[in-house]
Amino acid sequence: MAKSSNIDIFLSNHSGLDGTEHKIAKLKSGAVDGVHPFVIGTEAVERTMTILGECGKAVLASFDAKAVPK
């Protein structure tokens, strides 16, 4: 989905874990170097979404292995 929709930014609700504070500081200081610090690319967004999906399946399986989609 990320590639077909050209999604190249992933915003996390765990800002302490994904470098959000550093990225915002770069924006505020103007030290962007031509690339927006939140742009990670469509492949990285797809990998992130795949990992999150697999983690979700693992949590679901810990409650009910039969409920995990194949």
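In terms of heavy-atom proximity, Ile40 sits nearest to Ala44 at O-CB, 3.4 Å. The heavy-atom pair separating Ala2 from Val45 by the smallest distance is CB-CG1, 3.7 Å.
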Please tabulate, one pair per line, all N/O donor-acceptor pairs under 3.5 Å involving side-chain atoms of residues 3-13, not counting sequence neighbours.
residue: Ser4; atom: OG; partner: Met1; partner atom: O; Å: 3.2
residue: Ser5; atom: OG; partner: Met1; partner atom: O; Å: 3.3
residue: Ser12; atom: OG; partner: His14; partner atom: N; Å: 2.8

Result block: side-chain N/O donor-acceptor pairs under 3.5 angstrom for residues 21-32, not counting sequence neighbours:
residue: Lys23; atom: NZ; partner: Asp18; partner atom: O; Å: 3.4
residue: Ser29; atom: OG; partner: Ala25; partner atom: O; Å: 3.2
residue: Ser29; atom: OG; partner: Lys26; partner atom: O; Å: 3.2
residue: Ser29; atom: OG; partner: Ala31; partner atom: N; Å: 3.3

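A distance of 13.5 Å separates CG in Leu60 from NZ in Lys66, rounded to the nearest 0.5 Å.
Under the 4.5 Å side-chain criterion, counting only non-hydrogen atoms from C-beta, Ile51 is not in contact with Glu54.
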